[in-house]
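The structure appears below as structure tokens.
Each chain gets a letter, A, B and so on, in the order the sequences are listed, and its residues count up from 1. This structure is a prediction, so every number in the text was calculated from the model and none was measured. Scope of the values below: all heavy atoms of this structure, side chains included, with no hydrogens, waters or symmetry mates.
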Amino acid sequence: DAGITQSPRHKVTETGTPVTLRCHQTENHRYMYWYRQDPGHGLRLIHYSYGVKDTDKGEVSDGYSVSRSKTEDFLLTLESATSSQTSVYFCAIRETGRGNEQFFGPGTRLTVL
Amino acid sequence: GENVEQHPSTLSVQEGDSAVIKCTYSDSASNYFPWYKQELGKRPQLIIDIRSNVGEKKDQRIAVTLNKTAKHFSLHITETQPEDSAVYFCAASQGSGNTGKLIFGQGTTLQVKP
């Protein structure tokens, strides 16, 4: 499983509250990604990181921010959660030295009421 | 923007038959094309991938073909088994792939009937 964990695994929150999801990896991979998965849309990239303090936007970044203060942790924050952000969130890593292969964490199911 | 279209959205086959899932992509600079399998409630798992300098790749019962000119690639599963039932996603690298960014298709739900 490429040493990837996500926390929490499930969360229910209310509209307007801030939410932070954590992705943790143990194998010192440089690249990390946050995706959301919704029925009919596959997986869509929210933000990604190519090193400590180096991040960039993906295709659905509005309403989300990220931070990476150390190699092993990549945080996704919803500053003010909305019902449209109800989704399953997956973190992924790109294994260094193996080309472009990405491996996913177990996912976080977020429900915004 | 860049786009990956995947067909069909659902596919039902009898055990032992073959299954084919097709994807088209729009970014001519894409050079990496992975396929993921996702079982219900689980994470997507990489099952096979192909790079643009190769036309076909096989791994036991699964194979992927790539037609760069037509910008489409396909997943072929032979001798399907009930445990092949899952959602399958194709993806294409955004640009030449330096960032590792992937654009995913919408997914195909494969049902293999015993």
Next item on the list: Could you pull out the closest heavy-atom pair between B/Lys42 and A/Phe90, with the gap in Å?
Entry: O-CZ, 3.9 Å
Checklist line | Heavy-atom pair with the smallest gap, counting every atom of B/Arg43 and A/Gly105 | finding: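 Taking B/Arg43 first and A/Gly105 second, the nearest heavy atoms are CB-O, 3.2 Å.
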Compare all side-chain heavy atoms of [X] with those of [Y] and state whether any distance is below 4.5 angstrom.
{"X": "A/Tyr35", "Y": "B/Leu102", "answer": "yes"}
{"X": "B/Thr99", "Y": "A/Tyr50", "answer": "no"}
{"X": "A/Arg44", "Y": "B/Ile103", "answer": "no"}
{"X": "B/Tyr32", "Y": "A/Gln102", "answer": "no"}

Item checked: Segment of A/Leu45 engaging chain B (4.5 angstrom heavy-atom cut-off) ->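 Side chain of A/Leu45 only, per the 4.5 Å heavy-atom cut-off to chain B.
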Verify same cluster id: [X], [Y] (apolar side-chain graph, 4.5 Å):
{"X": "B/Val4", "Y": "B/Leu11", "result": "yes"}
{"X": "B/Phe104", "Y": "B/Tyr25", "result": "no"}
{"X": "B/Leu66", "Y": "B/Ile48", "result": "yes"}

Can you confirm whether more than 12 heavy atoms, excluding those of [X], are under 6.0 Å from its [atom1] atom?
{"X": "B/Gln81", "atom1": "CD", "answer": "yes"}
{"X": "B/Gln60", "atom1": "CD", "answer": "no"}
{"X": "B/Glu79", "atom1": "CD", "answer": "no"}
{"X": "A/Leu113", "atom1": "CG", "answer": "yes"}

Margin query: Given heavy-atom pairs under 4.5 angstrom as the criterion, report whether the side chain, backbone, both or neither of B/Pro44 touches chain A.
Written below: both
Item checked: Most contacts with chain B, counted as non-hydrogen pairs under 4.5 angstrom, among A/Asp38, A/Leu43, A/Asp56, A/Val88 -> A/Leu43
Next item on the list: Could you tell me whether the side chains of B/Gln38 and A/Gln37 share a donor-acceptor contact shorter than 3.5 Å?
Entry: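 Short answer, yes.
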